[in-house]
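In what follows, a structure is listed as structure tokens, so that the remarks can point back to it.
All residue numbers in this chain count up from 1 along the given sequence.
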Amino acid sequence: MPVSAAGLRQALDQLADLRTSPVTVEEALEQVVAAADALFGVDGTALMLVDRDQELRNLATSDRRAALLEDLQAEHGEGPCVDAFDDKQPVAADDLGHEDRWPAFAPAAAGQLLAVLASPIPYSDQAVGVVAVLAADPHPWTEAEQEAIVAFTDLVALLILNAMEASERGRLAGELQVALDSRVVIEQAKGVLVGRHGLTTRQAFERLRSQARDQRRPLTEVARGVVSAAEHR
């Protein structure tokens, strides 16, 4: 179902109304994913936020396949949502069955979902998460759909910002602040590894993540160790 201008306006109006409605954050986010399902005519929507280890975790979903999307991207360290988050740009995957950008993720996901359109949730000059719409069959995402998800996600960002600023909604604010603070030291550690070993930023992150898993330590703790060691060389 193509995205219509009227449908987009209705969805954006619904999101704008949520900013001043008395519903809880959890209820608001459930309404967000339902609105995305209706707007894009898809099989599911996932709203992901980053955690302290800079992994994207589902906060609200409309379909069980969203859990698969989260799990496989976390396992393989790649996928459309990872790229959208890292590059702060929308990412469209029309057919994961014929996709070479994510050689580990795509074939693992293609059994249950074949098309993904992901857009980062902006916060200041960073991203704090991703909204992704999913289709069980191949779907060539149109320019109108890609423009629509950017407009949709921009309003989701305002909703998240409202939640962070509201004192009675401190849990989400606290978790996001921890995630944003951890990103600073992780980015510093990535920079150390890039400069020392000539890695790409993605390779540097994967090295940090592998070390954290092997040592069963928090990623932020491993990153601080890398930065500290570099400062004392």
On a heavy-atom basis, which atom in Pro80 and which in Phe105 lie closest, and how many Å separate them? CD-CE2, 3.4 Å
Without swapping roles, check the side chain of Gln203 against the backbone of Thr200 for a donor-acceptor pair under 3.5 Å. yes
Residues which pass salt bridge (Lys or Arg N to Asp or Glu O under 4.0 Å) with Glu206, listed by chain and number, not counting sequence neighbours: Arg209
Side chain to side chain contact (heavy atoms under 4.5 Å, CB included) between Arg64 and Gln112: does it pass, once the steps are laid out? CA-CA 10 Å; Arg64 61 174 179 80; Gln112 296 196 53; 2.6 Å; yes
In Å and rounded to the nearest 0.5 Å, what is the CE to CG distance from Met48 to Asn58? 4.5 Å
Give a yes-or-no answer on whether the side chains of Glu145 and His139 include a donor-acceptor pair shorter than 3.5 Å. yes
Check against side chain to side chain contact (heavy atoms under 4.5 Å, CB included), Val128 and Leu49: CA-CA 6 Å; Val128 294; Leu49 292 185; 4.3 Å; yes
Hits for side-chain hydrogen bond (donor to acceptor under 3.5 Å, both in side chains) against Gln146, two or more places apart or cross-chain, chain-then-number order -> none
Which residues pass the side-chain hydrogen bond (donor to acceptor under 3.5 Å, both in side chains) test with Gln211, sequence neighbours left out? none
Is there a side-chain contact between Leu59 and Leu29, using heavy atoms and a 4.5 Å cut-off? yes
side-chain contact (heavy atoms from CB on, under 4.5 Å) with Val184: which residues, sequence neighbours excluded? Gln188
Between Ala157 and Pro122, the two heavy atoms sitting closest are CB-O, 3.2 Å
Gap between atom CZ of Arg207 and atom NZ of Lys190 - 0.5 Å precision: 14.0 Å
Set of residues satisfying side-chain contact (heavy atoms from CB on, under 4.5 Å) with respect to Ala110, sequence neighbours excluded: Leu96, Leu114
Quick one: CG on Leu69 to SG on Cys81, what's the gap to the nearest 0.5 Å? 4.5 Å
Does any non-hydrogen side-chain atom of Asp53 lie less than 4.5 Å from one of Ser182? no
With heavy-atom distances below 4.5 Å as the criterion, would you say the side chains of Ile121 and Val130 are in contact? no
Residue pairs meeting salt bridge (Lys or Arg N to Asp or Glu O under 4.0 Å), one or both in residues 67-77, sequence neighbours left out, come to Arg57-Glu70
Could you walk me through whether Thr61 and Leu47 pass side chain to side chain contact (heavy atoms under 4.5 Å, CB included), step by step? CA-CA 6 Å; Thr61 62; Leu47 193 159; over 6 Å; no
What is the distance from atom CD of Glu147 to atom OG of Ser119, rounded to the nearest 0.5 Å? 12.0 Å
Please identify each residue that fulfils side-chain contact (heavy atoms from CB on, under 4.5 Å) with Ala144, with sequence neighbours left out. Thr142
Strictly by salt bridge (Lys or Arg N to Asp or Glu O under 4.0 Å), give each pair with a member in residues 84-96 just once, sequence neighbours left out. Asp86-Arg202
Let's go through Ile149 and Trp141 carefully: what are the C-alpha distance in whole Å and the side-chain angles of both, what is the deciding distance for side chain to side chain contact (heavy atoms under 4.5 Å, CB included) to 0.1 Å, and is it a yes or a no? CA-CA 11 Å; Ile149 201 168; Trp141 302 106; over 6 Å; no
Residues clustering with Val185 (ILVMFWY side chains joined when closer than 4.5 Å, directly or via others): Ile186, Val192, Leu193, Leu199, Phe205, Leu208, Leu219, Val222, Val226, Val227
With side chains defined as the heavy atoms from C-beta onward, is the minimum distance between Leu113 and Leu68 less than 4.5 Å? yes
Under the ring pair (Phe, Tyr, Trp, His ring centres under 6.0 Å) test, which residues partner Trp102, sequence neighbours left out? none
Nearest-0.5 Å distance that lies between atom OG1 in Thr45 and atom CG in Asp63: 9.0 Å
Any side-chain heavy-atom pair of His76 and Pro103 under 4.5 Å: no
So CG of Asp43 and OG of Ser62: to nearest 0.5 Å the spacing works out to 9.0 Å
In chain order, what residues pass the side-chain contact (heavy atoms from CB on, under 4.5 Å) check against Arg183, with sequence neighbours excluded? Val50, Gln54, Phe85, Gln126, Leu180, Glu187
Not counting sequence neighbours, list each pair that qualifies as a salt bridge (Lys or Arg N to Asp or Glu O under 4.0 Å) and has a residue in residues 100-116. Glu99-Arg101
